[in-house]
Amino acid sequence: MDSSAPAVTLYAQIPYRDAPAALRWLERAFGFRTTMEWPDDEGGIQHAEMRFGDAAFTVFSDRAGYARPEPRGESVGFGLVFTLTSPEAVDTIHRSALAAGAIDVIAPADTEWGNYRCRVRDLEGYEWTFGTYKPGEPQDWSPQG
């Protein structure tokens, strides 16, 4: 890493119409851990934080009615991607998500660029991808075979 580059942390903010239910579902489906939950005055969530390994993101109650991406074919073409340690870990989280009611978008499979991944859609339409590829690391992009 370039020593002159600033220290940066990236996280996503995800609005849910029923944020309290979404937090519990995300815990059950993916094994995410809620590390902070601040309720609002209407029974929703003003601010919550979730972690999965080193990844973190926030959840809040959608009072504004934000638009959700609509699927074009099978996918909405937008979502969060988590790098897991093995294909077995991808398979495990895929099974857990489907058991919790997720919609299967991409069943676990290898890609031609060396990623073993799956993608599911949650109960409010957000897509979550879990794979073995880690962006920014050198890859052998030569064709297989």
Side-chain angles (χ1 to χ4, degrees), residues 1-40 43-64 66-142 144:
M1 180 174 189
D2 180 356
S3 63
S4 66
V8 176
T9 300
L10 172 70
Y11 69 94
Q13 297 177 309
I14 308 172
Y16 278 95
R17 293 177 186 107
D18 187 349
L23 290 171
R24 304 299 77 86
W25 189 88
L26 293 164
E27 291 167 346
R28 188 172 62 256
F30 303 135
F32 295 166
R33 185 170 50 93
T34 302
T35 57
M36 196 268 255
E37 190 171 334
W38 188 278
D40 65 20
I45 300 295
Q46 184 172 337
H47 178 89
E49 297 176 6
M50 299 197 89
R51 292 196 67 84
F52 188 62
D54 288 337
F57 60 94
T58 64
V59 169
F60 62 95
S61 290
D62 179 1
R63 302 276 184 232
Y66 296 113
R68 304 294 195 274
E70 291 293 324
R72 306 259 192 263
E74 293 293 319
S75 177
V76 300
F78 175 81
L80 297 179
V81 181
F82 294 84
T83 301
L84 302 181
T85 57
S86 68
E88 294 78 22
V90 173
D91 291 339
T92 298
I93 209 160
H94 183 256
R95 282 191 302 274
S96 177
L98 295 183
I103 296 169
D104 198 14
V105 177
I106 298 174
D110 286 307
T111 66
E112 57 265 3
W113 59 90
N115 188 17
Y116 184 81
R117 66 162 181 192
C118 72
R119 181 175 302 152
V120 297
R121 190 172 306 124
D122 73 19
L123 302 177
E124 289 200 20
Y126 293 111
E127 289 185 358
W128 302 83
T129 301
F130 299 88
T132 56
Y133 175 75
K134 187 171 184 180
E137 290 190 353
Q139 300 292 321
D140 177 8
W141 293 97
S142 59
Q144 303 292 319

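For the ring-ring contact (aromatic ring centres under 6.0 Å, His included) test, residues two or more places apart in sequence or in another chain that qualify with Tyr16 are Tyr126. With sequence neighbours excluded, no residue forms a salt bridge (Lys or Arg N to Asp or Glu O under 4.0 Å) with Glu74. Here Phe60 pairs with nothing under the ring-ring contact (aromatic ring centres under 6.0 Å, His included) rule; sequence neighbours left out. Taking Ser75 as the reference, Val105, Arg119, Glu127 meet the side chain to side chain contact (heavy atoms under 4.5 Å, CB included) condition, with sequence neighbours excluded. Remark: Asp40 pairs with Arg63 by the salt bridge (Lys or Arg N to Asp or Glu O under 4.0 Å) rule, at least two apart or across chains.
Scanning all heavy atoms of the two residues, the minimum distance from Asp110 to Tyr116 falls at OD1-CD1, 3.4 Å.
The side chain to side chain donor-acceptor pair (under 3.5 Å) analysis of residues 44-56, with sequence neighbours excluded, yields the pairs Trp38-Gln46, His47-Glu49.
Under the 6.0 Å cut-off for aromatic ring centres, Phe52 and Phe30 do not qualify, their centroids lying 6.0 Å or more apart.
Met36 places none of its side-chain heavy atoms less than 4.5 Å from the side chain of Thr58. Side-chain contact between Ser86 and Thr132: absent, with no pair of heavy atoms (C-beta onward) separated by less than 4.5 Å. You'll find the side chain of Glu37 stays beyond 4.5 Å of the side chain of Val59, heavy atoms only. Contact check for Leu26 versus Trp128: side-chain heavy atoms found under the 4.5 Å cut-off.
Within the model, atoms OG1 of Thr129 and CG of Leu84 stand 10.5 Å from one another, a figure rounded to the nearest 0.5 Å. Ile106 CD1 to Arg117 CZ: the interatomic distance, rounded to the nearest 0.5 Å, is 4.0 Å.
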